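Okay, so here's the structure we're looking at.
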Amino acid sequence: AQRVTQPEKLLSVFKGAPVELKCNYSYSGSPELFWYVQYSRQRLQLLLRHISRESIKGFTADLNKGETSFHLKKPFAQEEDSAMYYCALLYRTSYDKVIFGPGTSLSVIP
Amino acid sequence: ETGVTQSPTHLIKTRGQQVTLRCSSQSGHNTVSWYQQALGQGPQFIFQYYREEENGRGNFPPRFSGLQFPNYSSELNVNALELDDSALYLCASSSNRALNEKLFFGSGTQLSVL
């Protein structure tokens, strides 16, 4: 079955330290993966998509099909990165469906 | 550019009642999807509407139904409410029915079923 897992519910790092938010997926097709972020008192919003191969706010994510992972990384965490992060998988059948992981709450300690 | 708006922001119902939640999509968007987010979990896909027709559905029973109107606004209706329906309901709009475009989310409606 199609599934997205994020093994860490909470992750705390110090400002300036590297951060990695883990995401693993199970999907038999060709995956399209996303990271969404929700800052305090703001709406859920797209952070990045793997098909765009972009870097947003210093974050990058590489799709590793062998390990079925799409981990989100940033070399130097900032306090404003503190938020809830959701990994999501676009699942294609006769129609499209987006499956979200359970989320990881990132706290950057000053 | 007007963002996605949802109403009401909070709602309290009792078990067995029916509820209607509303969503106005972002200007220029013709696709609306609805999600249920229980406390401590990620959003769960309920269904999607494209140009007034349902074209995608998650693992939710038929008592969850929806509508999309010609102006692309949308409603989510839930009949025979159960306690487990208590959650945050999110609406998202996009300009592409394929869902691989960016989703723009509303702030959600917090539903409590007593």
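FYI, side chains are in, hydrogens and waters are out, and symmetry mates aren't considered; it's all heavy atoms of this structure. Keep in mind that what you see is a predicted model, and the values were worked out from it rather than measured. Residue numbers begin at 1 in each chain, while the letters A, B, ... track the order of the sequences.
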Checklist line | Close contacts, residues 106-114 of chain B versus chain A, judged by heavy atoms under 4.5 Å | finding: B:G106, B:S107

Notebook entry, point to check: Which atoms form the tightest heavy-atom contact between B:P43 and A:F100, and what is the distance?
Noted result: O-CB, 3.4 Å

Margin query: Other residues, nucleotides and ligands only: do more than 12 of their heavy atoms fall within 6.0 Å of CD on A:E79?
Written below: yes

Next item on the list: Working to the nearest 0.5 Å, report the span between NZ of A:K97 and CD of B:Q48.
Entry: 12.0 Å

Margin query: I'd like to know if B:L81 and B:F47 are part of one continuous hydrophobic network [Ile/Leu/Val/Met/Phe/Trp/Tyr, side-chain heavy atoms within less than 4.5 Å].
Written below: yes

Notebook entry, point to check: For B:F45 and A:V98, which heavy atoms make the closest approach, and how far apart are they?
Noted result: CB-O, 3.6 Å

Check: Given the options B:Q41, B:Q44, B:R57, B:Q37, which has more heavy-atom pairs under 4.5 Å with chain A than any of the others?
Finding: B:R57

Margin query: With clusters defined by side-chain heavy atoms of hydrophobic residues (ILVMFWY) lying less than 4.5 Å apart, directly or transitively, does A:L47 cluster with A:L89?
Written below: yes

Note to self: Using the rule given for side-chain contact (heavy atoms from CB on, under 4.5 Å), can you reason through B:L103 versus A:F34, listing the C-alpha separation, both sets of side-chain angles and the distance that settles it, and then say yes or no?
What the structure shows: CA-CA 11 Å; B:L103 295 174; A:F34 309 80; over 6 Å; no

Next item on the list: For A:E80, look at atom CD and say whether over 12 heavy atoms of other residues, nucleotides or ligands are found less than 6.0 Å away.
Entry: yes

Next item on the list: Would you name the heavy atoms of A:R43 and B:V4 that are closest together and state the gap between them?
Entry: NH1-O, 2.5 Å

Notebook entry, point to check: Considering residues, nucleotides and ligands other than B:K13, do more than 12 of their heavy atoms fall under 6.0 Å from its NZ?
Noted result: yes

Notebook entry, point to check: Are B:W34 and B:F105 co-members of a hydrophobic cluster defined by side-chain heavy atoms under 4.5 Å apart?
Noted result: no

Next item on the list: May I ask you to list the residues in residues 58-65 of chain B that approach chain A closer than 4.5 angstrom, counting heavy atoms only, ordered by number?
Entry: B:G58, B:N59

Note to self: With a sphere of 6.0 Å drawn around CZ of A:F76, does it hold more than 12 non-hydrogen atoms of other residues, nucleotides or ligands?
What the structure shows: no

Notebook entry, point to check: Are A:Y85 and A:V108 connected in a single hydrophobic cluster, I mean Ile/Leu/Val/Met/Phe/Trp/Tyr linked by side-chain heavy atoms less than 4.5 Å apart?
Noted result: yes

Notebook entry, point to check: How long is the gap from CG on A:L48 to NZ on B:K102, to the nearest 0.5 Å?
Noted result: 11.5 Å

Check: Is it the case that one hydrophobic cluster holds both A:L10 and A:Y86, taking links as side-chain heavy atoms less than 4.5 Å apart, direct or via other members?
Finding: no

